[in-house]
Amino acid sequence: MLVVGHLYPELLNLYGDRGNLIAFVRRCAWRGIPVTVRELVLGAPVDFGALDFLFIGGGSDREQGILIEDLHRHRDSLCEAIEGGLVVLAICGGYQVLGHYYQTPDRVIPGLGLLDFYTQAGPKRLIGNCAVEIELDGRPVSVAGFENHSGQTFLGRVQPLGRVLAGFGNNGVDGTEGARYKNVFCSYLHGPLLPKNPCLTDHLISLALKRAGMEMPLVALDDHLEERAVAAALKRAGVTVSGKT
Ligand code: GLN
């Protein structure tokens, strides 16, 4: 049984982010992999060590401000779980809170400092379709999604998730998108990211299975529709794709 956590589902669920979780669970179900989802709401006790996959969606500055105190209570247990291989997908606002801080126009939201980056509100929101090249199992893969953030993120000693092909990514300047550390994948792409990019979803499922001691080759699903959707999303983002995405 894969144990999946959805952190603050009542606060962090922008632009269809919940679809990421639905895609993860559904692609497991199609393969007969049992999954249980725990909603980790504000104020509840959380055992991150018991999870195989944690999803953190995006949120407005206001919502990030509401949850940050509660999140700090869980810092050490989340840190321990990440070091132990917990698979995490953190989107936009959920990504920003894992870094050192997020300087909004009117306050500093102190992050958990688990990954080495900081975020600062920029003069204009970075909005639109975005395409990124990431590396999965040593091969380059193009993923597509939608971004909408005021924060601009600058990485320190942490790898980006990928390289911007079209759109803004972390800050619109340095060509990086997201961050990656151990089994933690951070991205500005809402999308929803996983339904649009099944190869990334399957990669996360494989990592979660490994963490759960259930490592197995994933049965191929009929992805031609999804692949067409990825190609269409990349096209909308202004990227011409040759070959398989
Ligand atoms: N509030 C953050 C920002 O504007 C995150 C937004 C989001 O999650 N889309 O940068």
Side-chain angles (χ1 to χ4, degrees), residues 5-23 39-42 54-72 78 88-132 143-156 158 160-162 164 166-180 184-197 200 233 236-237:
H6 187 181
L7 192 60
Y8 305 130
E10 73 281 38
L11 293 169
L12 297 179
N13 183 27
L14 279 183
Y15 315 123
D17 274 338
R18 188 181 288 273
N20 289 309
L21 206 54
I22 294 170
E39 300 220 322
L40 312 172
V41 298
L42 199 75
L54 174 69
F55 174 66
I56 318 176
S60 68
D61 293 1
R62 182 179 161 274
E63 286 153 345
Q64 289 169 275
I66 292 171
L67 63 85
I68 200 65
E69 198 182 317
D70 189 62
L71 187 57
H72 271 270
L78 180 55
V88 180
L89 176 66
I91 303 290
C92 203
Y95 163 25
Q96 294 168 346
V97 295
L98 299 182
H100 297 299
Y101 63 85
Y102 171 28
Q103 169 76 65
T104 78
D106 42 43
R107 65 171 285 202
V108 177
I109 298 175
L112 298 185
L114 299 181
L115 274 65
D116 187 18
F117 62 79
Y118 68 93
T119 303
Q120 216 158 0
K124 70 166 179 117
R125 291 192 76 78
L126 306 180
I127 305 175
N129 291 314
C130 183
V132 182
V143 300
F146 170 78
E147 59 183 324
N148 183 346
H149 48 112
S150 139
Q152 301 186 0
T153 294
F154 297 91
L155 304 179
V158 64
L161 176 64
V164 174
F168 299 103
N170 279 333
N171 48 54
V173 178
D174 66 15
T176 65
E177 204 297 298
R180 188 165 176 172
V184 180
F185 295 72
C186 300
S187 177
Y188 269 112
L189 305 192
H190 296 271
L193 182 62
L194 297 191
K196 280 187 173 167
N197 303 284
L200 177 58
R236 275 199 300 279

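Counting starts at 1 for both ligands and their atoms, in listed order.
- Taking atom 1 (N) of ligand 1 as the reference point, the nearest protein heavy-atom neighbour is D61 OD1, 2.5 Å.
- In this structure, a donor-acceptor pair under 3.5 Å is absent between the side chains of T119 and Q152.
- Closest of all the heavy-atom pairs between L40 and P9 is O-CD, 3.6 Å.
- For ligand 1, the polar-atom distance check against G59 finds a nitrogen or oxygen pair separated by under 3.5 Å.
- Residue Q96 has at least one nitrogen or oxygen atom sitting less than 3.5 Å from a nitrogen or oxygen atom of ligand 1, judged on distance alone.
- Distances shorter than 4.0 angstrom occur between a heavy atom of H190 and an atom of ligand 1.
- Of the protein's non-hydrogen atoms, the one nearest atom 4 (O) of ligand 1 is S150 N, 3.0 Å.
- Shortest non-hydrogen contact noted between V158 and R180 is CG2-O, 3.6 Å.
- Residue G58 has at least one heavy-atom neighbour below 4.0 Å for each of these atoms of ligand 1: 8 (O).
- Shown here are the salt bridge (charged side-chain N to carboxylate O under 4.0 Å, His left out) partners of E10, two or more places apart in sequence or in another chain: there are none.
- Under a 4.0 Å criterion applied to the non-hydrogen atoms of N148, ligand 1 contributes the atoms 6 (C), 7 (C), 9 (N).
- The distance from ligand 1 to the heavy atoms of S60 drops below 4.0 Å at these ligand atoms: 1 (N).
- Heavy-atom distances between Y95 and ligand 1 stay at or above 4.0 Å for every pair.
- For atom 7 (C) of ligand 1, the nearest protein heavy atom (residue, atom name, distance) is C92 SG, 2.8 Å.
- Side chain to side chain, D61 and T104 fail the donor-acceptor criterion of an N or O pair below 3.5 Å.
- Residue G93 has at least one nitrogen or oxygen atom sitting less than 3.5 Å from a nitrogen or oxygen atom of ligand 1, judged on distance alone.
- In the vicinity of L14, heavy-atom distances shorter than 4.0 Å reach the ligand 1 atoms 7 (C), 8 (O), 9 (N).
- Using a distance-only test at 3.5 Å, with no hydrogens or angles considered, no donor-acceptor pair links the side chain of N129 to the main chain of F146.
- Of the candidates V88, L71, I91, I56 forms a side chain to side chain contact (heavy atoms under 4.5 Å, CB included) with just one, namely V88.
- Between Y15 and ligand 1 there is a heavy-atom distance shorter than 4.0 Å.
- Close N/O approach between R125 and ligand 1 is found [any backbone or side-chain N/O within under 3.5 Å].
- For the side chain to side chain contact (heavy atoms under 4.5 Å, CB included) test with F168, the passing option among E177, E147, R125 is E147; the others fail.
- A donor-acceptor contact closer than 3.5 angstrom is absent between the side chains of N13 and Y8.
- The nearest protein atom to atom 10 (O) of ligand 1, hydrogens excluded, is given as G151 N, 2.8 Å; this is a heavy-atom distance.
- With sequence neighbours excluded, the residues that form a side chain to side chain contact (heavy atoms under 4.5 Å, CB included) with C92 are H149, Y188, H190.
- Remark: ligand 1 atoms within the under-4.0 Å shell around heavy atoms of Q64 are 1 (N), 2 (C), 5 (C).
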